[in-house]
2 protein chains.
Amino acid sequence: MMKRTKNSLTIRDVAEACEVSISTVSRVLNEKADVSSETYEKVRRVIAEMGYTSSLAATSMRSRRTNVIGVLVVDLGDPFSLELFKGIGKAIYGTEYDLIVYCSGRIAATAQSGWERWHLSRLDGSIADGVLVVTPTTEDLTAISPLVAVDPHEHNIFPAVLSANREGAIAVMEYLISLGHRRIGFIAGRQGLVSSNRRQQGYIDALEQAGLPVDPALIQPGDYTRETGFRCTQNLLTLPDPPTAIFAANDQSALGVIDAACEAGWHIPGDLSVVGFDNTPQAARSMPGLTTVDQSVSEMGYIATTMLIKLMQGKSLDEPVCKVPTQLVIRDSCQCIA
Amino acid sequence: MMKRTKNSLTIRDVAEACEVSISTVSRVLNEKADVSSETYEKVRRVIAEMGYTSSLAATSMRSRRTNVIGVLVVDLGDPFSLELFKGIGKAIYGTEYDLIVYCSGRIAATAQSGWERWHLSRLDGSIADGVLVVTPTTEDLTAISPLVAVDPHEHNIFPAVLSANREGAIAVMEYLISLGHRRIGFIAGRQGLVSSNRRQQGYIDALEQAGLPVDPALIQPGDYTRETGFRCTQNLLTLPDPPTAIFAANDQSALGVIDAACEAGWHIPGDLSVVGFDNTPQAARSMPGLTTVDQSVSEMGYIATTMLIKLMQGKSLDEPVCKVPTQLVIRDSCQCIA
DNA sequence: GTGAAAGCGCTAACAC
DNA sequence: GTGTTAGCGCTTTCAC
């Protein structure tokens with residue numbers, strides 16, 4: 001095994017250089033009151049000169065206060081997490097907190113349910129003293145530090161930030177229905193994802209609420225990709241009785257809808273109204289004629305982080321569960337059916 | 001200060017539950033050879049039952065081996081880092097490594113030069129045993145673990161992944177010049193950023209190499225945003241002698257170019273050839289008629305991580321510096337000047 | 001105001 | 001094979 005040859009500096013090196021004891025240096029590091037200003041200055045200066053930094057590991061172990069926020073994600077690269085990071089980064093900017101995004105490459109540990117639990121306990125009570133968990137299942141999680149769940153499947157004891165998937169979908173449908181549309185196609189998201197299910201539920205609920213029939217042929221099994229959106233739209237447009245409007249479960253599929261409609265010679269929004277659910281207000285923004293429901297995922301990250309910081313400061317939350325609203329963004333209004 | 005009341009499990013709890021010593025549990029945890037299979041099984045079972053996880057902090061402190069890759073970024077939310085994460089995530093997926101992205105909210109520590117150094121020493125030699133540093137200045141950095149720099153300003157002793165900003169820009173210019181263009185506008189990126197400077201340098205170098213004059217009026221001070229790209233293009237198009245082609249330093253400005261050209265009634269690529277430098281192959285992709293040079297930032301992340309893992313495994317690198325090539329993606333070929 | 005000493009949870013000699 | 005023991009770098013009583 002590697003030997004003690006950690007050539008990095010320790011508190012001991014600083015102490016020796018200052019000719020004071022280790023505890024004095026520690027006091028300075030932690031801004032304790034009872035250090036003579038003379039000693040204080042000297043230690044500070046030496047620390048700066050040597051470029052010493054206390055070891056995160058050692059500090060974490062000894063004291064509960066690390067000022068580190070841990071963020072647990074399954075996949076560092078998925079669009080949802082990425083979008084979330086924007087908001088999280090914004091939220092800690094200028095604060096005294098540090099951020100640690102933790103993500104494991106071990107699929108074995110990750111694939112089986114319970115990875116959250118495993119990784120959580122690695123951060124929580126260790127180097128982080130507040131945790132943001134991005135996972136559908138917060139069920140059997142236990143934490144000793146404050147924890148905020150981001151868009152959990154079902155919210156339980158933990159404070160959480162929820163997205164308004166169903167509500168947003170209903171808003172879309174009410175808008176389209178108010179324009180007179182009766183046959184509205186739906187392109188679902190990736191099967192099994194809560195977001196997709198909830199959006200589809202909103203689609204169905206809105207139809208039923210309006211007393212409109214739910215035609216299974218109008219519901220296409222998408223997967224959040226542009227290509228599938230394209231194919232699904234082709235299916236819809238070649239129906240004997242095609243829809244007058246299409247609601248796509250995300251921005252990418254919405255682009256696919258437009259691709260297919262254009263190729264088939266349909267005019268948007270003249271012949272077909274298109275609305276997309278948009279998590280990352282970007283891709284869809286560049287398409288003219290597309291109405292979207294924006295669910296600002298980055299704002300979810302921002303809000304979640306704000307909540308967590310509050311908890312870490314010992315304050316209590318006004319609302320333990322915060323639902324981030326969606327916004328219907330009408331660029332060119334959709335076609336009106338007389 | 002908070003007391004010892006860490007109600008989280010320790011190795012001691014496991015040992016007691018198994019009625020073995022702490023070291024035996026440690027041996028099991030670290031897959032050491034000399035444990036009877038009987039004991040091994042029992043300990044494993046108890047660990048699973050209790051849901052015990054070793055403390056990252058304690059493990060890091062005692063052994064140098066943590067299997068944790070640290071990634072140092074200034075801003076968790078900026079597009080470059082985000083794009084990088086995609087590649088990094090992909091690279092560790094399925095490996096035995098864990099990832100920790102570290103980012104500080106303390107602007108004081110961040111703003112002044114030397115933040116890298118400070119944060120580096122926090123990770124390196126502490127919880128991470130390999131570090132990826134995303135920063136322009138790797139100058140006075142020292143590390144005791146393997147370190148790979150991502151797109152550093154100037155590369156020095158550390159292995160690094162470099163982007164081919166200048167080379168990509170030259171490729172664009174050679175392409176446009178080969179089509180017969182003589183007056184090519186350039187919309188620069190955010191002032192002060194290396195990426196922008198390098199791209200502009202490529203623009204100038206290519207012109208000089210081709211024996212073409214460098215007209216300052218054709219170089220517009222952009223800032224990587226669509227809006228500024230729009231205004232810069234208006235400036236270019238209203239020139240007494242407007243360019244026949246425009247090269248935008250990134251995808252967003254390229255979109256701005258198209259916006260402005262369309263508004264002014266110019267046809268693309270009929271009246272004006274447009275090429276954009278693209279870091280995040282997404283926004284520009286949705287625009288028809290736009291040719292881009294793709295610099296896959298996510299691939300830089302992937303490559304950097306691969307290099308780092310190799311180093312962490314004690315292997316040596318074939319090439320200490322890897323320049324990730326750009327690719328000219330011609331969607332509809334640009335206008336040809338007779 | 002400052003130092004000595006006892007651990008935090010864990011690993012790695014070293015004994016048996 | 002397994003237990004005992006000495007720390008890793010730090011914080012925190014408790015003396016002085």
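Naming convention: chains lettered A, B, ... in sequence-line order (proteins, then strands); numbering from 1 in each chain.
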Sorted by number, the residues of residues 30-38 of chain B with heavy-atom contact under 4.0 Å to DNA chain C: B/N30, B/K32

Euclidean distance, atom CZ of residue B/R12 to atom C1' of D/dT5 [Å, nearest integer]: 13 Å

Side chain to side chain contact (heavy atoms under 4.5 Å, CB included), paired with B/V101, selected from B/L84, B/V134, B/L76: B/L76

With B/K323 via salt bridge (Lys or Arg N to Asp or Glu O under 4.0 Å) - residues at least two apart: B/E167

Sub-4.0 Å heavy-atom contacts from residues 39-61 of chain B onto DNA chain D, ordered by number: B/T39, B/M61

Length of the line joining B/L9:CG and C/dC8:P, which is rounded to integer Å: 15 Å

Whole-Å gap separating C1' (D/dT11) and CD1 (A/I11): 8 Å

Whole-Å gap separating P (D/dG3) and CD (B/E16): 13 Å

Length of the CG-P vector between B/L123 and D/dG9, whole Å: 17 Å

Whole angstrom value for the distance that separates P of D/dC8 from CD1 of A/I127: 21 Å

Residues forming a side chain to side chain contact (heavy atoms under 4.5 Å, CB included) with B/K90, sequence neighbours excluded: B/Y302

Salt-bridge present (B/D318, B/K310; N to O < 4.0 Å): yes

Under the salt bridge (Lys or Arg N to Asp or Glu O under 4.0 Å) test, residues paired with B/E319 that sit two or more places apart: none

Sugar-phosphate, base or nothing in reach of A/T24, heavy atoms under 4.0 Å: sugar-phosphate

Shortest side-chain distance from B/L29, nucleotide among D/dG3, D/dC10, C/dT11: C/dT11

Cationic N near anionic O, under 4.0 Å, B/R44 to B/E31: yes

Contacts of type salt bridge (Lys or Arg N to Asp or Glu O under 4.0 Å), residue B/K42, not counting sequence neighbours: none

Contacts of type side-chain hydrogen bond (donor to acceptor under 3.5 Å, both in side chains), residue B/Y102, not counting sequence neighbours: A/D98

Residue met sooner reading DNA chain D from 5', once A/V25 and B/V20 are mapped to nucleotides: B/V20

Side chain to side chain contact (heavy atoms under 4.5 Å, CB included) partners of A/T66, counting only residues at least two apart: A/S60, A/V68, A/D129

A/R65 CZ - D/dT11 C1' separation (whole Å): 15 Å

ring-ring contact (aromatic ring centres under 6.0 Å, His included) pairs, two or more places apart, involving residues 16-50 of chain B: none

Just list the side-chain donor-acceptor pairs under 3.5 Å for residues 19-29 of chain B, sequence neighbours left out, or say none.
{"from": "B/S21", "atom 1": "OG", "to": "B/S23", "atom 2": "N", "distance (Å)": "3.4"}
{"from": "B/S21", "atom 1": "OG", "to": "B/S23", "atom 2": "OG", "distance (Å)": "3.1"}
{"from": "B/S21", "atom 1": "OG", "to": "B/T24", "atom 2": "N", "distance (Å)": "3.4"}
{"from": "B/S21", "atom 1": "OG", "to": "B/T24", "atom 2": "OG1", "distance (Å)": "3.2"}
{"from": "B/S26", "atom 1": "OG", "to": "B/N30", "atom 2": "ND2", "distance (Å)": "3.4"}

B/T10 vs C/dG9: side-chain N/O to OP1/OP2 distance below 4.0 Å: no

hbond_proxy B/S26 side chain to C/dA12 base (donor-acceptor, 3.5 Å cutoff): no

Under-3.5 Å N/O pairs linking protein and nucleotides 14-16 of chain C:
none

B/D34: partners by salt bridge (Lys or Arg N to Asp or Glu O under 4.0 Å), with sequence neighbours left out: none

